[in-house]
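One-based numbering, in listed order, for ligands and for the atoms of each.
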Amino acid sequence: MKDLTMSLYCGITRRRKSFWCCRLLSTYVTKTRYLSELKEDDDACKKAQQTGAFYLFHNLAPLLQKSEHQYLAPQHSLLASLQKPEMETELKGSFIGLRKALFQLNVKDASLLSTAQALLRWHDAHQFCSRSGQPTKKNVAGSKRVCPSNKIIYYPQMTPVVITLVSDGTRCLLARQSSFPKGMYSALAGFCDIGESLEEAVRREVAEEVGLEVERLQYSASQHWPFPNGALMIACHATVKPGQTEIQVNLRELEAAAWFSHDEVATALRKDNPSYQQQNGAFPFWLPPKLAIAHQLIKEWVEKPTCSILPA
Ligand SMILES: NC(=O)C1=CN([C@@H]2O[C@H](COP(=O)(O)OP(=O)(O)OC[C@H]3O[C@@H](n4cnc5c(N)ncnc54)[C@H](OP(=O)(O)O)[C@@H]3O)[C@@H](O)[C@H]2O)C=CC1
Ligand SMILES: [Mg+2]
């Protein structure tokens with residue numbers, strides 16, 4: 001049972017009724033302030049847990065129910081202690097790896113489960129103070145851990161990753177790693193180095209991976225991404241100078257990279273993930289699923305390939 005209780009993640013969805021202010025606040029502001037209060041106030045958080053809704057995890061795998069071609073993520077109120085098999089039988093579901101299920105969940109559940117898993121993984125990896133070596137203690141909300149001997153507070157950390165769709169004005173550059181599913185190409189991604197700005201990370205990653213110099217870039221959006229250990233994906237469009245488009249693939253990082261025409265990309269975007277192999281043994285070209293920010297970047301480019309981009 002220890003595993004299950006350790007892995008409970010509190011996703012409180014019901015608002016406290018007694019919360020009021022002098023002026024009328026929007027639902028979003030009220031909810032945000034309530035959640036912020038729960039992070040600071042252990043007693044309020046314990047109280048909220050009595051009426052809150054929970055996702056269940058076991059060894060970082062959420063409890064899900066299979067329904068046709070999708071997974072459902074049921075929420076539960078506080079549960080009696082049960083062993084894993086009884087829990088699965090009782091709740092008519094099973095604990096399934098997030099990597100397997102993520103693309104078959106609705107957007108809200110996928111986002112909450114990814115956040116919950118990242119938080120659980122961080123707690124699991126920060127059981128001890130790196131200064132004193134003593135066990136750290138988590139607050140009730142799970143928003144921080146404190147070392148009782150020297151009072152150092154540890155907050156959950158995120159790793160920034162840049163993801164860039166490079167264009168030469170008419171084509172876009174897509175690449176694949178050998179670990180990607182067969183035939184899938186994506187935008188260039190890379191972890192930010194310590195001390196780097198977002199712009200510097202984009203320029204370095206593009207130079208390292210495909211040997212090109214970025215001339216202009218434009219921020220698009222960001223996304224929390226649960227794999228491999230949770231990252232903040234920061235997505236940008238970038239252009240290279242016309243006439244300086246010869247790719248030199250860094251084979252230590254990528255299996256292949258190539259320029260793709262607007263038509264090729266627009267056609268691939270309309271297709272689902274093809275799992276079949278063609279007669280010549282090759283796999284058809286396809287793109288990351290809708291939930292991935294790479295898909296959003298590529299879709300934006302297809303819809304507006306010549307959007308104005310700022311100097312890098
Ligand atoms: N949501 C989306 O649409 C997409 C998300 N991604 C995600 O972006 C992430 C980064 O892309 P990727 O091309 O692999 O990154 P990189 O190009 O930076 O290469 C990864 C390598 O960098 C090293 N590295 C440096 N810093 C870190 C760190 N903080 N954590 C882990 N490894 C680090 C590791 O090398 P070593 O093992 O030798 O130490 C690792 O194998 C991936 O985790 C991937 O899941 C990628 C594409 C699309
Ligand atoms: Mg990379």
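- The Mg ion (ligand 2) lies under 2.8 Å from an N, O or S atom belonging to Glu209.
- Minimum heavy-atom separation, Glu205 to Gly190: CD-CA, 3.3 Å.
- Nearest protein neighbour of atom 16 (P) of ligand 1, counting heavy atoms only, is Gly190 CA, 3.6 Å.
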Check against side-chain contact (heavy atoms from CB on, under 4.5 Å), Cys192 and Val162: CA-CA 7 Å; Cys192 291; Val162 288; 3.9 Å; yes
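- Taking every heavy atom of both residues into account, Cys147 and Gln134 meet most closely at SG-CB, 4.3 Å.
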Are Trp259 and Asp168 close enough, and set up right, to give a side-chain contact (heavy atoms from CB on, under 4.5 Å), and what steps lead you there? CA-CA 9 Å; Trp259 291 105; Asp168 69 352; 3.8 Å; yes
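- Using a 4.5 Å heavy-atom cutoff, the side chains of His123 and Leu119 are in contact.
- Residue, atom and distance of the protein heavy atom nearest to atom 3 (O) of ligand 1 are Ala294 N, 2.9 Å.
- No more than 12 heavy atoms of other residues, nucleotides or ligands shown are found within 6.0 angstrom of NZ on Lys39.
- Closest to atom 9 (C) of ligand 1, if we only count protein heavy atoms, is Val161 CG1, 3.9 Å.
- Counting protein heavy atoms only, atom 19 (O) of ligand 1 is closest to Glu253 OE1, 4.2 Å.
- For ligand 1, the polar-atom distance check against Phe180 finds no nitrogen or oxygen pair separated by under 3.5 Å.
- Using a 4.0 angstrom heavy-atom cutoff, Glu208 does not count as in contact with ligand 1.
- Surrounding CD of Glu86 are more than 12 heavy atoms belonging to other residues, nucleotides or ligands, all under 6.0 Å away.
- No N or O atom of Ser186 sits closer than 3.5 Å to an N or O atom of ligand 1.
- Taking the six-membered ring where the residue is Trp, Tyr185 and Phe260 present perpendicular rings, their angle passing 60° and hence far from 30°.
- For atom 23 (C) of ligand 1, no protein non-hydrogen atom is found at a distance below 4.0 Å.
- Near Glu205, meaning under 4.0 Å from any of its heavy atoms, are these atoms of ligand 1: 17 (O), 18 (O).
- Ligand 1 has an N or O atom lying under 3.5 Å from an N or O atom of Phe191, backbone or side chain.
- Residue, atom and distance of the protein heavy atom nearest to atom 45 (O) of ligand 1 are Trp225 NE1, 3.2 Å.
- Tyr71 carries Lys66 over the face of its six-membered ring, with the cationic atom under 6.0 Å from the centre and within 45° of the normal.
- In this structure, His126 and Trp122 have parallel ring planes: the angle between them is below the 30° cut-off, well short of the 60° mark.
- Ranking protein heavy atoms by distance to atom 4 (C) of ligand 1, first place goes to Met233 CE, 3.8 Å.
- Contact annotation: for Thr159 versus ligand 1, heavy atoms closer than 4.0 Å belong to the side chain alone.
- Residue side and main chain included, Phe191 places no N/O/S atom under 2.8 Å of the Mg ion (ligand 2).
- Of all the heavy atoms of Leu188, none lies under 4.0 Å from any atom of ligand 1, so neither backbone nor side chain is involved.
- Shortest contact from atom 11 (O) of ligand 1 to any protein heavy atom: Ala189 CB, 3.6 Å.
- Distance check for atom 40 (C) of ligand 1: every protein heavy atom is found at 4.0 Å or beyond.
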Test log, rule side-chain contact (heavy atoms from CB on, under 4.5 Å), inputs Lys46 and Val140: CA-CA 7 Å; Lys46 273 185 207 151; Val140 178; 4.0 Å; yes
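- Nearest protein neighbour of atom 12 (P) of ligand 1, counting heavy atoms only, is Gln177 NE2, 3.6 Å.
- Of all heavy-atom pairs between Ala48 and Tyr34, the closest is CB-OH, 3.4 Å.
- Under the 4.0 angstrom criterion for non-hydrogen atoms, Pro228 is in contact with ligand 1.
- Not one N or O of His295 is nearer than 3.5 Å to an N or O of ligand 1, by distance alone.
- Within a 4.0 Å radius of atom 36 (P) of ligand 1, the protein contributes no non-hydrogen atoms.
- Counting the atoms of ligand 1 from 1 in the order shown, those under 4.0 Å from a heavy atom of Gln223 are 1 (N).
- Counting heavy atoms from C-beta outward, Trp286 and Pro181 have side chains that approach closer than 4.5 Å.
- Rounding to the nearest 0.5 Å gives a distance of 11.0 Å between CD of Glu208 and CG of Leu188.
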